[in-house]
There are 4 protein chains.
Amino acid sequence: MSHKIAIIGASGYTGAELIRLIATHPKFEIVALVAHNKAGKPMDEVFAHLRHLNLPPLSTLDEVDFSDVDLCFCALPHKTSQEVISQLPKHLKIVDLSADFRLRDPESYAKWYGNDHSAVEMQKEAVYGLTEFYREEIAKARLVAGTGCNSATGQYMLRPLLEKKVVSPDDIILDMKCAVSGAGRSPKENLLHSELSEGYNAYAVGGTHRHLGEFDQELSAVAGEPVKIQFTPHLLPVNRGILATGYVKGDPQAVYDALVEAYKDEPFVLVLPFGETPSTHHVRGSNFVHIGVTGDRIEGRAIVVGAMDNLTKGSSGQALQNANLMLGENETEGLMMVPLFP
Amino acid sequence: MSHKIAIIGASGYTGAELIRLIATHPKFEIVALVAHNKAGKPMDEVFAHLRHLNLPPLSTLDEVDFSDVDLCFCALPHKTSQEVISQLPKHLKIVDLSADFRLRDPESYAKWYGNDHSAVEMQKEAVYGLTEFYREEIAKARLVAGTGCNSATGQYMLRPLLEKKVVSPDDIILDMKCAVSGAGRSPKENLLHSELSEGYNAYAVGGTHRHLGEFDQELSAVAGEPVKIQFTPHLLPVNRGILATGYVKGDPQAVYDALVEAYKDEPFVLVLPFGETPSTHHVRGSNFVHIGVTGDRIEGRAIVVGAMDNLTKGSSGQALQNANLMLGENETEGLMMVPLFP
Amino acid sequence: MSHKIAIIGASGYTGAELIRLIATHPKFEIVALVAHNKAGKPMDEVFAHLRHLNLPPLSTLDEVDFSDVDLCFCALPHKTSQEVISQLPKHLKIVDLSADFRLRDPESYAKWYGNDHSAVEMQKEAVYGLTEFYREEIAKARLVAGTGCNSATGQYMLRPLLEKKVVSPDDIILDMKCAVSGAGRSPKENLLHSELSEGYNAYAVGGTHRHLGEFDQELSAVAGEPVKIQFTPHLLPVNRGILATGYVKGDPQAVYDALVEAYKDEPFVLVLPFGETPSTHHVRGSNFVHIGVTGDRIEGRAIVVGAMDNLTKGSSGQALQNANLMLGENETEGLMMVPLFP
Amino acid sequence: MSHKIAIIGASGYTGAELIRLIATHPKFEIVALVAHNKAGKPMDEVFAHLRHLNLPPLSTLDEVDFSDVDLCFCALPHKTSQEVISQLPKHLKIVDLSADFRLRDPESYAKWYGNDHSAVEMQKEAVYGLTEFYREEIAKARLVAGTGCNSATGQYMLRPLLEKKVVSPDDIILDMKCAVSGAGRSPKENLLHSELSEGYNAYAVGGTHRHLGEFDQELSAVAGEPVKIQFTPHLLPVNRGILATGYVKGDPQAVYDALVEAYKDEPFVLVLPFGETPSTHHVRGSNFVHIGVTGDRIEGRAIVVGAMDNLTKGSSGQALQNANLMLGENETEGLMMVPLFP
């Protein structure tokens with residue numbers, strides 16, 4: 001028997017990615033697609049690559065009968081998301097892909113996002129959706145907060161190192177390179193092809209990117225002490241893929257061993273042989289994370305590189321992985337597609 | 001029970017694409033991967049995106065025990081392919097992805113490929129692998145010849161028009177735009193990123209491209225008279241996708257109706273609403289063909305546009321579709337993945 | 001002594017391209033930059049690649065003292081352009097880069113652009129700015145209309161053929177491939193990097209693109225009889241470059257000879273050796289047009305391919321070429337930069 | 001009167017870039033182009049974007065009469081370069097673009113390049129070609145060694161900081177992102193468009209990249225003590241542009257002031273307003289370096305970002321800048337072209 005699925009925010013890239021994944025999921029059935037600005041349109045007008053699927057038309061939120069919906073993915077912008085989610089029926093399981101329920105502390109939320117949280121109780125209830133580290137809580141949760149793609153990438157690289165205390169927590173640098181799709185589908189001058197193609201640049205330099213709120217919360221919890229990393233995102237002229245180059249102080253072999261140990265039974269997180277480095281090419285369109293460790297020529301320093309697809313493992317793939325857990329299905333169901341290369 | 005599959009020429013792009021598709025096929029099991037130049041290497045050294053799969057290492061042809069192999073995909077360059085295939089055991093079903101068995105006439109082969117065919121008997125036996133038009137023969141065949149990606153695209157657009165005689169056979173132009181991956185993985189100066197990115201050009205202008213051999217053979221057969229089209233390929237700085245813009249003389253509505261009728265029950269060939277045009281964006285990584293028809297401002301002329309992924313429907317996807325038929329499986333098995341967008 | 005130059009519409013791509021070219025022009029001095037929405041900003045905030053230049057800040061039109069301006073480039077959207085230009089002082093020489101003064105017939109303008117022309121007298125006065133064919137008129141003109149980049153490319157290929165009557169005027173097809181920058185800098189969903197990268201599609205199929213108004217006007221005038229061509233533009237994931245593949249009926253050698261003869265003394269229009277085809281790679285950032293001719297395998301048919309940079313020769317380079325003529329300077333001044341490859 | 005110029009290694013990208021720049025240089029005249037593998041070919045067959053120039057055909061070294069050549073650019077691979085240069089006539093001024101004369105210490109050369117240096121005397125004589133820091137020596141030199149593009153970028157960012165001692169020399173990280181053209185034009189699998197487009201990866205991780213030899217030599221000399229930085233290059237799917245993100249420990253304002261002071265009179269090195277960050281988009285095809293400084297949220301740490309075009313300022317532009325000095329011309333001659341954007 002299928003689980004009935006609704007997707008709110010179905011006209012954005014993470015919404016489309018959810019549909020891509022769920023379309024071949026044997027146990028999930030999409031019964032409602034919500035997108036206010038495009039309500040009334042058939043989905044193939046909004047995303048022509050979904051043309052062959054028999055999907056419900058886009059609708060407003062009001063038009064959806066949630067009574068027989070089992071789980072709802074919410075792929076709205078932050079702030080809007082909390083407003084919508086707080087009004088959804090209580091029987092619904094919810095996987096939120098926005099930033100609204102990632103931070104547990106209302107003050108931290110207000111600091112990083114610039115507005116007070118309007119659903120503080122739900123914020124407390126929400127489980128942080130980094131599947132590999134919150135598996136049990138997720139399985140029992142009603143509301144799961146999808147993680148930021150940057151912070152997920154970084155946490156896969158850093159959590160085992162801080163937990164095993166094999167690196168200095170005061171000297172961690174993540175130089176992040178992100179694909180454009182993470183910035184969404186809203187038309188903005190800086191996201192035009194003409195502005196991006198054949199060039200690249202850093203942005204939010206100096207510790208101002210909002211995902212640092214998640215980094216601070218999660219890495220401090222893992223380390224058992226306050227951890228502040230340096231984090232510089234860069235925008236690259238590609239559509240999918242996120243790659244982080246991490247600079248840590250610690251014994252490279254110990255760093256490597258901690259990662260191997262942490263992920264030895266994980267289906268999606270692969271640690272490469274020591275000295276090899278991953279590429280976004282090799283995870284495109286898939287739910288895999290590839291992590292590589294190399295020792296620097298300066299003793300006691302290691303470089304850790306992680307790569308994944310920002311729309312899949314970094315967002316909608318992780319969301320589906322969590323939904324599988326929440327609905328009692330095999331965690332990998334619908335997620336074993338091979339990366340698309342070239 | 002699984003069918004045992006071997007892939008010869010596993011270190012090229014079509015080989016890798018076959019593995020991508022077969023990896024999630026419930027009834028196929030890869031038991032041998034042949035790649036002479038890279039024999040002995042584990043597959044993840046050659047294609048790191050396949051790292052998570054449990055694949056046999058690359059081997060030489062001699063090392064393969066074909067006795068329990070059911071079907072072999074052969075993804076070698078032309079000429080090499082006929083030499084290898086003619087020496088394979090006779091119990092094997094074979095899907096060849098090269099150009100070697102596409103042309104039925106040895107003289108035509110010699111003309112377009114510049115060498116005599118060394119396996120003329122097999123050439124006669126081979127079935128042309130354009131699934132939608134040779135379905136029954138393919139199901140019974142021992143040897144199926146994969147079609148050229150350009151000629152497949154064009155045939156999906158033109159065959160119904162010639163069969164129904166709704167266009168003039170003397171005035172057909174196909175302006176083709178091809179992705180780079182079709183040129184393969186062998187290092188050549190003109191395929192370097194620096195040579196291709198941010199630009200484009202025509203090549204093989206004037207009717208010299210080898211796929212014209214296929215066009216001539218197939219379109220003449222369909223039309224019942226000699227048909228020669230004009231065909232100009234262009235190389236575009238993208239990795240996947242082939243789009244053909246066809247200029248025909250005939251009533252646009254009749255053209256449209258012929259295509260709708262021809263493909264109304266086909267799972268992979270979608271005719272768009274009249275006046276819409278397809279995009280390679282919307283078929284990437286999938287086995288779908290999208291076809292659109294528009295009337296020109298000049299009466300009695302129509303523009304037909306077709307798009308597909310050159311590595312999937314244009315090569316390895318079609319090959320798997322044919323293998324499904326040859327082994328008695330559902331034709332769409334392993335092929336219903338949704339296009340990857342963005 | 002320098003000529004004083006103003007640029008209206010300086011915050012778009014053609015405006016920026018004008019500045020790029022004029023910056024190294026020995027006789028031109030930019031004294032005013034107009035951009036209403038960004039008035040008050042320094043230019044390096046709007047186009048950081050111009051950071052090293054000592055440019056006037058962006059201003060409103062009202063703020064400009066045109067009394068000592070010699071020539072004004074107007075790079076506004078059509079319709080806005082005619083309104084602005086009709087109010088400029090009469091002593092000013094003007095090169096308009098919009099579509100507003102390309103068509104001489106008010107009815108044709110209304111048909112293709114959907115609104116009546118509000119400056120019909122100026123429309124009559126304007127000289128069509130295809131430099132190589134209107135050189136003398138341009139040198140004496142007060143108002144020159146820059147041509148559309150698509151129609152310029154096509155006219156370089158077709159005018160000599162129609163003039164010399166070496167091709168049939170009833171069977172001309174231009175399959176055009178255009179870079180993204182031609183669509184401008186206004187944020188639109190379909191121009192986002194995520195929507196465009198790694199794919200391509202046709203648009204305005206069937207003879208609906210506005211540049212057909214120019215084609216009809218100019219090619220009919222050259223041929224001395226009404227000429228209607230077929231024209232299909234395609235959008236490619238690159239930032240610069242336009243390439244047209246032309247299918248004509250006529251003797252290939254006669255076609256070639258007509259082009260060689262027409263351009264033998266032209267500094268910017270290069271006809272390649274017979275059988276060679278141009279590439280947008282080889283004209284990027286330059287004012288050159290490359291044209292190649294090949295005979296088709298079908299007798300009596302030729303393929304003509306033309307390439308240029310849509311922002312340079314297709315727009316701002318041509319505009320500067322015309323301004324040079326209007327101000328009595330050497331036509332090639334500031335325009336001999338070598339294409340940027342790779 | 002013109003200076004007579006020869007280019008050895010004219011069939012590679014840096015050779016072509018030299019020709020692009022020299023073509024519009026008012027005082028330089030190219031009299032010989034050497035490319036062994038392509039000797040005898042006209043240049044437009046090798047680089048069609050140079051088609052409009054009246055260039056000598058490619059020749060072998062033996063065919064060149066160097067007696068009236070004033071200066072020779074040598075754009076050969078390292079090792080070959082030293083062999084060729086050591087046999088050139090002694091009257092010739094030489095700008096070498098290879099790595100062969102960058103390192104002053106033969107042992108360091110042997111360590112990083114894997115072979116003994118065969119022209120140790122010339123190695124001693126050569127002047128390191130980072131123009132802004134070796135201007136006087138370059139003006140008097142006979143042999144100038146072009147710098148590595150990575151190490152040049154890094155040195156522009158770091159030299160003033162080490163000289164003014166505003167950062168800790170023990171904690172410097174350069175995360176470098178490089179365009180593909182830096183890897184040259186020789187066909188290699190990993191440089192194919194299909195392998196690179198739409199993805200990215202680190203390489204030479206852990207301090208193994210050869211440019212570290214230059215970093216160690218130069219930064220230690222500036223600091224007056226041994227300096228070893230961490231340096232990780234990444235390959236990006238673009239053709240031009242190098243961007244380095246530097247992580248340093250020191251007061252951000254002091255860091256900024258040191259850079260502003262160092263470059264306040266430099267025509268090509270621009271320090272952006274505090275807090276802004278550069279982009280490779282804004283230097284493409286130009287000889288400019290853009291540098292930005294931002295303070296991190298962690299006190300006492302700064303992020304310095306530098307960007308330039310690897311083929312221009314990173315290689316051939318710098319070479320021409322040095323040649324101007326060596327021949328007594330204005331240093332900026334032929335180098336003031338505006339970046340190409342978009």
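First the proteins, then the strands, lettered A, B, ... as listed; each starts at 1. No experiment lies behind these values; they were computed from the predicted model shown.
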- [ ] Answer yes or no: are there more than 12 heavy-atom neighbours, outside D:K27 itself, under 6.0 Å from its atom NZ?
- [x] no

Task: Heavy-atom proximity to chain D below 4.5 Å, by part of C:R240 - done: side chain

Task: Residue among D:E198, D:E17, D:H52 with most heavy-atom pairs under 4.5 Å to chain C - done: D:H52

Task: Between CD on residue D:E276 and CG on residue C:D44, distance to nearest 0.5 Å - done: 7.5 Å

Task: Residues of residues 331-342 of chain C contacting chain D, heavy-atom criterion under 4.5 Å, by residue number - done: C:M336, C:M337, C:V338, C:P339, C:L340, C:F341, C:P342

Open item on the list: Using side-chain contact (heavy atoms from CB on, under 4.5 Å), reason through C:L272 and D:R51 one step at a time and then give a plain yes or no.
Closed with: CA-CA 9 Å; C:L272 279 54; D:R51 183 183 291 280; 3.5 Å; yes

Task: With C:F28 via ring-ring contact (aromatic ring centres under 6.0 Å, His included) - residues at least two apart - done: C:H3, C:H25

Open item on the list: What part of C:F47 gets within 4.5 angstrom of chain D, counting heavy atoms only: side chain, backbone, both, or neither?
Closed with: side chain

Open item on the list: Sub-4.5 Å heavy-atom contacts with chain C: which residues of residues 283-291 of chain D show up?
Closed with: D:R284, D:G285, D:F288, D:H290

- [ ] Under 4.5 Å, heavy atom to heavy atom: which of residues 182-189 of chain C reach chain D? Give them by number, or say none.
- [x] C:R185

Task: Atom group of D:L311 that falls short of 4.5 Å from chain C, counting heavy atoms - done: side chain

